[in-house]
> 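Below are the structure tokens for one structure; questions will follow.
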There are 4 protein chains.
Amino acid sequence: MTDEANQEDASEAPPASFRADERKDRLLCAAERCFIDSGFHGARMAQIAKAASVSPGLIYHYFDSKEQIIAELIQRHFNEKKAMLARIEETDGSVLDAFLASLEEGLQSSLDPFWSAMTLEVTAEATRNDDIAKLLCCSDGEMRDRLRAALKRENDAPDMDARIEMFVALIQGLGIRAIRNPDMEREAVVKLLRDMVEHLFRRRPQD
Amino acid sequence: MTDEANQEDASEAPPASFRADERKDRLLCAAERCFIDSGFHGARMAQIAKAASVSPGLIYHYFDSKEQIIAELIQRHFNEKKAMLARIEETDGSVLDAFLASLEEGLQSSLDPFWSAMTLEVTAEATRNDDIAKLLCCSDGEMRDRLRAALKRENDAPDMDARIEMFVALIQGLGIRAIRNPDMEREAVVKLLRDMVEHLFRRRPQD
Amino acid sequence: MTDEANQEDASEAPPASFRADERKDRLLCAAERCFIDSGFHGARMAQIAKAASVSPGLIYHYFDSKEQIIAELIQRHFNEKKAMLARIEETDGSVLDAFLASLEEGLQSSLDPFWSAMTLEVTAEATRNDDIAKLLCCSDGEMRDRLRAALKRENDAPDMDARIEMFVALIQGLGIRAIRNPDMEREAVVKLLRDMVEHLFRRRPQD
Amino acid sequence: MTDEANQEDASEAPPASFRADERKDRLLCAAERCFIDSGFHGARMAQIAKAASVSPGLIYHYFDSKEQIIAELIQRHFNEKKAMLARIEETDGSVLDAFLASLEEGLQSSLDPFWSAMTLEVTAEATRNDDIAKLLCCSDGEMRDRLRAALKRENDAPDMDARIEMFVALIQGLGIRAIRNPDMEREAVVKLLRDMVEHLFRRRPQD
DNA sequence: CATGAATGAGGCTTCATTCAT
DNA sequence: GATGAATGAAGCCTCATTCAT
């Protein structure tokens, strides 16, 4: 807060939109933390406001409703995934290698119970909120398409769709595992995961 | 239950204890449906009561609270899983074959968005309710232990724990996939799953 | 319960009204205990039923409602008081002496927190339930009239009404004290009470 | 409170803390009225809210629960009593005279059926709520101690404890009488009360 | 913009009372 | 008569949202 105050001192008209964006971002981050702790339904607006160090009323200057916060958070979720995917697409060498390389990084977050908890919340919400379901379906579809396209160079098996589903299932499933078995030996699992992914994508089409 | 059945044959009088069990079961089923539709927090007691065609007050003759209903449902979930596991353990032939055979059956429910939604609810709840977390951790641990023991005959790789985690991740991850991509080609996925599981467990320990 | 069973054995037609009265009495006693423990509003019908070892539904064969139980209990309350008063009226010697003699006995119950609690409940209820208020006002008035008549022989001071009020206030006030200060030294208080009552009634009209 | 008064003078802006206190006080008064009308258990939060002209939800900005409102009211009750006692303690002349003088004032409230009803509620609640019982026992004890100390100058009879109990019993008992017999001749009773109190405290220790 | 007091609908739960057996 | 399951109307309390300041 002192930082912003300094910036305000520097120029009489501080970029309002910047501060607004920053404030909105802070709110989203606070909301994410709360949702992870308490779930979409369990988290209270007052709790989010406190976590973001603002008054409850102020939230409604940035968001129309709790629902909208959830929607924006989910959007952000997907943007992060897409950014990761973009980095893989841009690689010069073997896509699969870049993919495996980024797997470790990705796993750091996928296996992170916090991150996984968010995925769970989002997926669970999709089973009851049709808007979320559509958003998920769409984004998920786009991700799969791009993944398929990126991997086509490596492997054009006719059942690539199923393989990709299997892959995503593995990643997200491990997220659940991380929650249900906090003592899971991550190193052995990551090693095994590499092996599985190679088996999935390196292999020639079924003979 | 057999006693009551006899009594039923003897006279028209409906055995009280039987009806009580039946009513409780009906309530649990209604609750499960509601929880799948709306989540643990989203589902309302009134909604559950209506789904079971009883008055709201009656629920409290059978359960102390909403929380207890959730707990009993989770317990029931694990009992089903354990029953499946018991059938596999009792097989005479190859455990892995029995396992693969039951996979299809299991997948029917794991891929069933209803069933998966319940798993999501339960897992998500574990991230915020410590009691549920403990119950899950315990039951999950028992299941993994028994699975490991059952598979030892086939494969005693030193990283069996990781492999089992991977396997369960696959199954539960596919549950999520079924929700996020309802158009998933199930046949191809099931076929691939068989292949993956064979790869996981049939293989000799890493050389 | 075994006793009643025996009686039933003795005569095929057990005096139904007797059993009914006995049952009703048991219910009233159970209700009194519950009301003392939890207050008129705090006591639950189920609690009363359990205390009387009957089913909740049966209560409604004997009473129309909870309110009626309260009313009958209050009536019984007054009957006991009137019986005590009657014994004093019938004495041959000094009414005041009989009175003072019965004071100790009366105090045993008035100072008994149980009994006093009932008086409190009844009086408190009178502040909100007009029916009870009327009943109380009436019964109380009758008691005061009879007390005044009985004491007239001893003392016909013109302010006898006030003195009687003062006397009853003392008795009932001590009931409150017994609740608020359980460590009260009863002997000293009883001794002092005798002195006060003598002062109240033995004295000639104010000079 | 003086600070806020100054601020009020300075500008029209109503000091937030002042309004908060005022609102809380209004709620307490409204609650008191409702409790007197309907009893602690009979009074409804909605009724209290309406009596204070606020929405039901607002009550919970100022109090944690209905129980807490009751507790604060009881506390306030004792504070009033203590203030009265403090005035008597500070008198220069005869404590007993100051005492008798304040008796009339005190009686105005003790004989006020409203006030007495509150005492009844509080005492009745003490028979079932242990927290209240402890609070009452404590506060009552303190009051008796201070009363005894204040009267020691006048009268150091060895049974002063019993006399004080008797005195309080008289006052509180008259409160009950005021409820049970609204037609009580207050003047005669007050006159008699003076006489009784003098008899209680002016007298030398028993010979 | 910012605050946080205020609102009020609605959730979970209780409990007096009824009724099928 | 006797039971206790069943009812359903409230009750206490929560919390997303609004609004005066």
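We name chains A, B, ... by the order of the sequence lines, and we start the count at 1 in each one. We use all heavy atoms of the structure for the numbers below, so side chains are in, but hydrogens, waters and symmetry mates are not.
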> Within 45 degrees of the ring normal and closer than 6.0 Å to the centroid, is that where the cationic atom of K66(D) sits relative to Y60(D)?
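No, K66(D) does not lie over the aromatic ring of Y60(D).
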> Below 30° counts as parallel, above 60° as perpendicular, anything between as tilted: where do the rings of H41(B) and H41(A) land?
parallel
> Taking atom CD1 of I69(D) and atom OH of Y62(D), what is their separation to the nearest 0.5 Å?
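Reported value, rounded in 0.5 Å steps: 12.5 Å.
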> Quick one: does Q68(B)'s side chain have a donor or acceptor within less than 3.5 Å of a partner on D64(B)'s backbone?
yes
> Given atom CZ of R26(A) and atom P of dC1(E), what is their separation to the nearest angstrom?
13 Å
> Rounded to whole Å, please give me the gap between NE2 in H41(B) and C1' in dT14(F).
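Distance check: H41(B) NE2 to dT14(F) C1' gives 14 Å.
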> Going by heavy atoms closer than 4.0 Å, what residues in residues 57-69 of chain C are next to DNA chain F?
G57(C), L58(C), H61(C), Y62(C)
> Could you tell me whether the phosphate oxygens of dC1(E), OP1 or OP2, come under 4.0 Å of any side-chain nitrogen or oxygen in R23(A)?
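No, no such contact exists.
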> Need one value for A43(D): base, sugar-phosphate or nothing, where a base atom within 4.0 Å counts as base even if backbone is also close, heavy atoms only.
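Result for A43(D) = sugar-phosphate.
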> Do L28(B) and E32(B) have side chains that get closer than 4.5 Å, going by heavy atoms?
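Of all side-chain heavy-atom pairs linking E32(B) with L28(B), none is under 4.5 Å.
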> Rounding to an integer number of Å, can you tell me how far Q47(A) CD sits from dT14(F) C1'?
13 Å
> Within this structure, what is the CG-to-P distance between L27(C) and dA2(F), rounded to whole angstrom?
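Those two atoms, CG and P, are 10 Å apart.
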> Counting only side-chain nitrogens and oxygens, does S55(C) get under 4.0 Å of the OP1 or OP2 atom of dG4(F)?
no
> Under the criterion side-chain hydrogen bond (donor to acceptor under 3.5 Å, both in side chains), I'd like the reasoning laid out for D37(C) against Q47(C): C-alpha separation, chi angles, the key distance, then a yes or no.
CA-CA 11 Å; D37(C) 284 348; Q47(C) 178 190 353; 5.2 Å; no
> Taking Watson-Crick (N1-N3 plus N6-O4 or O6-N4) and G-U wobble (N1-O2, O6-N3), each under 3.5 Å, can you produce the dot-bracket string of DNA chain E? Use [ ] for crossing pairs and | for inter-strand ones.
.||||||||||||||||||||
> Can you sort out the partners of T127(A) under side chain to side chain donor-acceptor pair (under 3.5 Å), two or more places apart, ordered by chain and number?
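For T127(A) there are no side chain to side chain donor-acceptor pair (under 3.5 Å) partners, ignoring immediate neighbours.
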> Rounded to whole Å, how long is the line connecting atom CD1 of I48(C) with atom P of dC15(E)?
12 Å
> Can you measure I70(D) atom CD1 to dC12(F) atom P for me and round it to whole angstrom units?
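Atom-to-atom, I70(D) to dC12(F), this comes out as 10 Å.
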> In whole angstroms, how far is the P atom of dC1(E) from the CD atom of E22(A)?
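So the two atoms are 12 Å apart, to the nearest Å.
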> CZ of F40(D) versus C1' of dG11(F): gap in Å, rounded?
18 Å
> Select from S53(D) and P56(A) the residue whose nearest nucleotide in DNA chain E is closer to the 5' end of that strand.
P56(A)
> Side-chain contact, heavy-atom cut-off 4.5 Å: R76(C) with C29(C)?
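Yes; the side chains approach each other to less than 4.5 Å.
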> Does a salt bridge link R26(D) with D21(D), judged by any charged N lying under 4.0 Å from a carboxylate O?
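No, no charged N to carboxylate O under 4.0 Å.
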> State which of dA16(E), dA6(E), dA16(F) makes the closest approach to the side chain of R44(C).
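Closest nucleotide among those given: dA16(E).
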